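Below you'll find the structure, written out as structure tokens, and then a few comments.
No experiment lies behind these values; they were computed from the predicted model shown. Positions are given from 1 along the sequence.
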Amino acid sequence: MFVNLLINFSLLTTFIFFGDMILSLLKDKRTFSKLQFHVLYGIGFGLFGIVQLNFAFPLGNGTIIDFRQVSILASTYLGGPVTGMISTSLIALYRLLFLGAVNQATILGVVNIGVTFLAAVFAFSLKTSNFYKWLVAACGMVILSTCILLPLVGWTNIGTILLFDMICFMACLFNYLLINHLEKSHDALEMFKEAAERDFLTRLHNPRSFNLIFKRTAEMSALKNEPFSLLLIDIDHFKYVNDTYGHAAGDVVLSKLADILQSGIRIRDYCARKGGEEFAVLLLRCTADKGMTVAEKLRSLVQDSNFVLPDQSLLRITISIGVSSFPESAPSEMLERADEALYEAKGKGRNQVCYAEPHVT
């Protein structure tokens, strides 16, 4: 029995870890919607529940158990009732159609699968911590399973039933610990990723992250022959702000400006802090004319905004913007061209937008 028990726990661990790895890769590629992921979860845990049915192990007195209920709980927890229903249906159909003749044990097994799903839906809808949700789900599962098993094996085998309950309860808590560990690992990874890709003050992309995004955008735009535009933005007379009002005021200005820039572009576009008082905006599928329109909009938004400093005084600032675009400029030249246009805007008196005209060859 203990060998079979070890095999089942090993299968459970392997499935959860490798399944999580595969789903993480699919999420990174963004090829599936949220609904499609829920369906994948349901099918995956349903198939795994079927595997668990085929790795059942005896407890004695003719009683055999498996961890199919754990799959139902996990799928409902991770994907909700729809996901749980998919896995429950697959497991129940397999139990009914492919595991021998239909008899009392078969019917009770299918009923057990169904009530496990209902217990999972109830437990995971509770407004409490995940640990207590799993605790309620596990307790509900073993109580319902006991009520279903008793008519089948009788009170004389109550010891076997209690042993079954204990093992299933342990499997549920083991499953919770695995999933909880993976969720915490993902959260920590996201925090590290966020710290590596975002500027700590403005929460915009940092230069390293922006350079990677720019490279990827340039490659895809060249491949699909789609235009895109680059805006380089600099705060006019920012040194005066720091020298007059202090660096704390300067940080407020940078943070507020980041919010204005982010609100003035589309969700699919990218905004980054290049360093100091310089920012960059990448406009996807955006022609040169539209890029100039967006740049002028951002310049106007900043000019008309009040910046509330730490001492509650109000400050007005302006920005200068240089714009370059593809295919008018090659991607390898766009940063340099936009910088030249920004320098031109500064030279013309600041608070202006200048475009990097194509070189004449």
Side-chain angles (χ1 to χ4, degrees), residues 199 201-202 204-207 209-211 213-215 217-218 221 227-245 249-266 269-307 314-361:
D199 174 64
L201 176 63
T202 63
L204 299 178
H205 291 279
N206 61 26
S209 173
F210 185 79
N211 289 339
I213 294 170
F214 181 85
K215 181 181 178 182
T217 301
S221 297
F228 72 97
S229 295
L230 171 67
L231 280 55
L232 288 186
I233 302 165
D234 193 78
I235 302 175
D236 298 326
H237 303 296
F238 185 67
K239 185 176 184 300
Y240 171 80
V241 175
N242 275 332
D243 292 345
T244 305
Y245 301 98
D251 288 347
V252 169
V253 169
L254 292 171
S255 182
K256 171 71 173 179
L257 177 59
D259 293 339
I260 295 173
L261 296 178
Q262 194 71 63
S263 66
I265 60 177
R266 300 164 299 182
D269 298 325
Y270 296 93
C271 189
R273 183 184 177 193
K274 292 284 286 179
E277 67 271 28
E278 187 172 310
F279 295 78
V281 172
L282 195 60
L283 304 172
L284 307 185
R285 295 191 287 278
C286 181
T287 62
D289 289 341
K290 290 181 179 179
M292 287 293 290
T293 300
V294 174
E296 181 58 34
K297 171 189 172 183
L298 295 177
R299 186 203 64 78
S300 180
L301 282 173
V302 174
Q303 178 183 256
D304 297 337
S305 296
N306 286 316
F307 289 74
L314 299 180
L315 178 68
R316 291 286 188 96
I317 66 167
T318 60
I319 57 174
S320 299
I321 305 177
V323 183
S324 64
S325 59
F326 172 84
E328 287 77 8
S329 296
S332 59
E333 300 175 349
M334 286 180 65
L335 283 166
E336 181 181 353
R337 303 299 312 286
D339 193 56
E340 291 173 358
L342 174 60
Y343 184 79
E344 181 183 353
K346 291 281 190 181
K348 287 183 176 180
R350 297 180 171 82
N351 193 25
Q352 296 192 34
V353 176
C354 287
Y355 179 71
E357 296 292 342
H359 286 304
V360 179
T361 56

#### Entry: Any side-chain donor near an acceptor of the partner, Ser325 and Tyr355, under 3.5 Å
yes
### Query
Under 3.5 Å, side chain of Asp269 to main-chain N/O of Leu284, donor-acceptor pair present?
yes
### Query
Does any non-hydrogen side-chain atom of Thr202 lie less than 4.5 Å from one of Leu257?
no
### Task
Kindly state each residue pair satisfying ring pair (Phe, Tyr, Trp, His ring centres under 6.0 Å) with at least one member in residues 271-302, sequence neighbours excluded.
none
### Task
First locate atom CG of Leu232, then atom OG of Ser324, and finally report the distance between them rounded to the nearest 0.5 Å.
7.0 Å
### Message
Quick check: do Asn351 and Arg299 have side-chain heavy atoms less than 4.5 Å from each other?
### Response
yes
## Note on the structure
Note: Gly291 and Val323 closest approach over all heavy atoms is C-CG1, 4.4 Å
### Query
In terms of side-chain heavy atoms, does Asp236 have a donor or acceptor partner in Ser320 at a distance below 3.5 Å?
yes
### Message
Can a side-chain donor-acceptor contact be found between Asn206 and Arg273 if the only test is distance below 3.5 angstrom?
### Response
no
#### Entry: Student check: side-chain heavy atoms of Pro227 and Ser221 closer than 4.5 Å
no
### Message
So does Pro207 get a backbone contact from the side chain of Asn211, meaning a donor-acceptor N/O pair under 3.5 Å?
### Response
yes
### Message
Does any part of the side chain of Val302, heavy atoms only, come nearer than 4.5 Å to the side chain of Lys256, both counted from C-beta?
### Response
no
### Summary
Heavy atoms of Val294 and Gly264 approach each other most closely as CG1-O, 4.4 Å
### Non-hydrogen side-chain atoms of Ile233 and Glu278 separated by less than 4.5 Å
no
### Query
Given side chains that start at C-beta, do those of Leu204 and Phe210 come closer than 4.5 Å, heavy atoms only?
no
### Query
How long is the span from the CD1 atom in Ile321 to the CD1 atom in Ile319, to the nearest 0.5 Å?
4.0 Å
### Student check: side-chain heavy atoms of Leu283 and Lys290 closer than 4.5 Å
no
### Query
Out of curiosity, Thr318 OG1 to Arg350 CZ, how far, rounded to the nearest 0.5 Å?
8.5 Å
### Task
Could you give me the CA-CA distance, side-chain angles and deciding distance for Phe238 and Leu254, then say whether side chain to side chain contact (heavy atoms under 4.5 Å, CB included) is met?
CA-CA 10 Å; Phe238 185 67; Leu254 292 171; 3.8 Å; yes
### Query
How many angstroms lie between CD1 in Ile260 and SG in Cys271, if you round to the nearest 0.5 Å?
11.0 Å
### Query
Sub-3.5 Å donor-acceptor pair from the side chain of Ser229 to the main-chain atoms of Cys286, do we have one?
yes
#### Entry: Atom OH of Tyr343: over 12 foreign heavy atoms under 6.0 Å
no
### Query
So do the side chains of Phe214 and Leu282 get within less than 4.5 Å of each other, counting heavy atoms only?
yes
### Message
Minimum heavy-atom separation for Gln303 and Arg316, please, with both atom names.
### Response
O-NH1, 3.4 Å
### Task
Not counting sequence neighbours, list each pair that qualifies as a ring pair (Phe, Tyr, Trp, His ring centres under 6.0 Å) and has a residue in residues 315-340.
Phe228-Phe326
